[in-house]
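Numbering of ligands and ligand atoms starts at 1, following listing order. Note that the structure is a prediction, hence the values are computed from the model and not measured. All residue numbers refer to positions in the sequence shown, counting from 1.
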Amino acid sequence: MEKFDLIIIGAGTAGCLAAYSAAKNGLNKIALIDRKRKEQIGKKICGDGIGTKHLTFLQEIGFPINESNIITNSIKTAHIISPDYEKNYTLPVEGQLTIINRHKFGQILLNETLNEGVKLFDKTSFREVEVKNNVAKAKFLEKGNEILNLEAPLLVDASGINSKIREGSSFFDESAELKDDEQYYCYREINHIENPPEHYVDSAIFEFSYNLTKGGYKWFFSRGNNEFNIGAGVPKAWIDEVSPKLVYQNDMSSRFDQPKVMDAGGGFVPTRHPIPSHVKDNIVLIGDAGLIVNPLHGGGLSPSLASGYMIGKIAANLIPNEALSENDLWIFNKKIHERYGLRYSILDLYRILLQNISDNELNHALKEEYLPLGSIFYAREYDILMKLSRKLGEVWKDIPNERFSALPKFIENVHDVTNRYPESPEELSDWATEYNDIYSKYQSLISIRN
Ligand SMILES: Cc1cc2nc3c(=O)[nH]c(=O)nc-3n(C[C@H](O)[C@H](O)[C@H](O)COP(=O)(O)OP(=O)(O)OC[C@H]3O[C@@H](n4cnc5c(N)ncnc54)[C@H](O)[C@@H]3O)c2cc1C
């Protein structure tokens with residue numbers, strides 16, 4: 001049993017930042033575990049889109065990253081397109097949104113983290129963890145067959161969407177479960193397109209459609225040099241009936257003249273409201289493992305970096321004091337809730353709306369501008385989103401369509417409940433029931449499958 005100050009499962013964006021900031025803030029013995037081979041870490045099927053301010057954030061915290069090494073293209077305009085293609089919200093985003101080389105980004109994050117003295121166990125898979133006497137004792141499978149036992153006062157799970165600790169263990173209850181309509185299965189390709197239509201160049205395009213993607217989305221991101229990251233996501237609840245790969249082939253790649261495939265594959269994206277708590281005694285969930293993502297589109301690079309950075313600092317502070325109970329770690333919940341929870345909780349109601357609105361209804365709402373998706377997407381601060389939602393709520397309450405007329409009440413409910421986030425674990429259970437109920441009720445009220 002090798003002893004560490006901190007064990008981190010997963011060397012993705014969240015895990016690397018957690019290890020990096022813990023090391024920078026004074027922890028010496030940090031184990032970073034990943035099931036992949038070192039050289040493959042960071043390689044992930046992704047849209048590769050990230051706000052420039054998150055790269056600036058890395059520089060501000062002293063992370064040695066040179067943007068020119070990772071950015072493949074700067075996006076000039078973002079577009080949100082209605083199902084009938086009649087409405088195109090165009091948002092000028094020059095200087096705000098970039099497409100990166102995901103693998104290179106991941107390798108830089110990893111290598112700079114290892115330069116801080118963090119010990120990497122690659123080709124090592126997490127199996128199980130037991131918490132006893134304020135110590136997390138974890139079991140891994142190394143290089144395919146050898147059992148590796150590690151222990152530390154804190155274990156951070158950054159293992160992505162399929163976290164074995166969030167689900168399938170006794171640490172977290174059903175309030176942290178990811179349901180089938182709260183995750184999208186995505187198929188995406190990177191293509192070289194010799195003569196791309198002008199409006200795809202330097203653009204990030206999102207298209208929504210119930211008919212094609214059941215409220216999921218299609219995206220076209222321009223990577224520069226006539227390369228495009230193109231994909232479609234469909235709620236997991238629908239994948240027996242709707243294949244995102246077929247949507248891709250029939251509706252998306254067919255728009256281009258002889259696209260040359262450079263890379264292809266699939267992956268799951270979580271898209272739900274934040275889980276009520278990310279901490280237990282001696283255990284924390286971050287990044288996709290903690291489902292800290294924008295529920296409208298599953299964008300999770302920025303919250304994975306930020307949640308990693310936050311827990312690294314908190315860990316460096318608490319571990320020397322041997323204060324790692326659920327109560328001690330509650331500060332992480334509070335910070336995540338403040339930074340992401342409030343806004344993402346509101347956005348999840350819009351995600352439920354998009355998954356339950358027919359193409360005709362959505363065309364009408366976008367054309368008549370009572371669902372300004374562009375403004376909702378880019379309301380980056382909680383206060384701005386709330387102000388916008390309340391203004392829209394005044395219009396929706398008179399619309400003879402329950403999907404809209406009921407929404408203001410649910411937005412106010414979420415606003416009320418999230419502004420009463422528990423101060424301690426004792427209050428969590430009742431709060432979580434009240435919080436999750438709001439989404440179940442809105443979902444069952446407006447379900448298009450009824
Ligand atoms: C198709 C697709 C498109 C996306 N597009 C975008 C986008 O354009 N912009 C954006 O911001 N976000 C996007 N996302 C989401 C983004 O990729 C994730 O939110 C982000 O990668 C989360 O980082 P993470 O470190 O939490 O998890 P991950 O990046 O998933 O890293 C988890 C790490 O844990 C390791 N691991 C897993 N299980 C184990 C185990 N049992 N033992 C040991 N190691 C393990 C994995 O090998 C991996 O290295 C997209 C996701 C998908 C699937």
K.L.:
At what distance is the nearest protein heavy atom to atom 5 (N) of ligand 1, and which residue and atom is it?
P.N.:
G47 N, 2.7 Å
K.L.:
Aromatic contact between Y309 and Y20, with the criterion being ring centroids under 6.0 Å apart: yes or no?
P.N.:
no
K.L.:
Tell me if the aromatic rings of H192 and F228 count as close, with their centers under 6.0 Å from one another.
P.N.:
no
K.L.:
Which of the numbered atoms in ligand 1 are below 4.0 angstrom from a heavy atom of G287?
P.N.:
26 (O)
K.L.:
Got the closest protein heavy atom to atom 50 (C) of ligand 1, with its distance?
P.N.:
C46 SG, 3.8 Å
K.L.:
Can you tell which part of S159 has a heavy atom less than 4.0 Å from ligand 1: side chain, backbone, both or neither?
P.N.:
both
K.L.:
Is it the side chain, the backbone, both or neither of A158 that has a heavy atom closer than 4.0 Å to ligand 1?
P.N.:
backbone
K.L.:
For atom 28 (P) of ligand 1, find the nearest protein heavy atom and state the residue, atom name and distance (0.1 Å precision).
P.N.:
K44 NZ, 3.7 Å
K.L.:
Between F268 and ligand 1, which residue portion shows a heavy-atom distance shorter than 4.0 Å: side chain, backbone, both, or neither?
P.N.:
backbone
K.L.:
F57 and F63: aromatic ring centres closer than 6.0 Å?
P.N.:
no
K.L.:
Could you say whether the N/O atoms of I9 and ligand 1 ever approach to under 3.5 Å?
P.N.:
no
K.L.:
Does ligand 1 come near enough to G300 that some N or O of the ligand is less than 3.5 Å from an N or O of the residue?
P.N.:
yes
K.L.:
Does an N or O anywhere in S125 fall below 3.5 Å from an N or O of ligand 1?
P.N.:
no
K.L.:
Nearest heavy atom to atom 2 (C) of ligand 1 wins, so pick from I8, I45, I41.
P.N.:
I45
K.L.:
Looking only at distances, please establish whether an N/O atom of ligand 1 is found under 3.5 Å from an N/O atom of G49.
P.N.:
yes
K.L.:
Atom 49 (O) of ligand 1: which protein heavy atom is closest, and how many Å away?
P.N.:
D34 OD2, 2.6 Å
K.L.:
Regarding ligand 1, does S302 bring an N or O atom to under 3.5 Å of one of the ligand's N or O atoms?
P.N.:
no
K.L.:
For ligand 1 and L301, I'd like to know whether there is a polar contact (N/O to N/O, distance under 3.5 Å).
P.N.:
yes
K.L.:
Has ligand 1 got any nitrogen or oxygen that is less than 3.5 angstrom from a nitrogen or oxygen of W219?
P.N.:
no
K.L.:
Checking Y382 against H415: is there a side-chain donor and acceptor pair closer than 3.5 Å?
P.N.:
yes
K.L.:
Would you call R102 a ligand 1 contact, heavy-atom distance under 4.0 Å?
P.N.:
yes
K.L.:
Report yes if the side chains of F208 and L354 come closer than 4.5 Å at any heavy-atom pair, otherwise no.
P.N.:
yes
K.L.:
Is the centre of the F206 ring less than 6.0 Å from the centre of the F377 ring?
P.N.:
yes
K.L.:
Work out whether the distance between some heavy atom of T124 and some atom of ligand 1 is less than 4.0 Å.
P.N.:
yes
K.L.:
Would you say T13 contacts ligand 1, with heavy atoms under 4.0 Å as the rule?
P.N.:
yes
K.L.:
In the protein, which heavy atom is nearest to atom 15 (C) of ligand 1, and how far is it?
P.N.:
G298 O, 3.5 Å
K.L.:
Looking only at distances, can you tell me whether any N or O atom of F126, backbone or side chain, sits closer than 3.5 Å to an N or O atom of ligand 1?
P.N.:
yes
K.L.:
Contact between R188 and ligand 1, counting heavy atoms under 4.0 Å?
P.N.:
no
K.L.:
For I50, state whether at least one heavy atom is located under 4.0 Å from any atom of ligand 1.
P.N.:
no
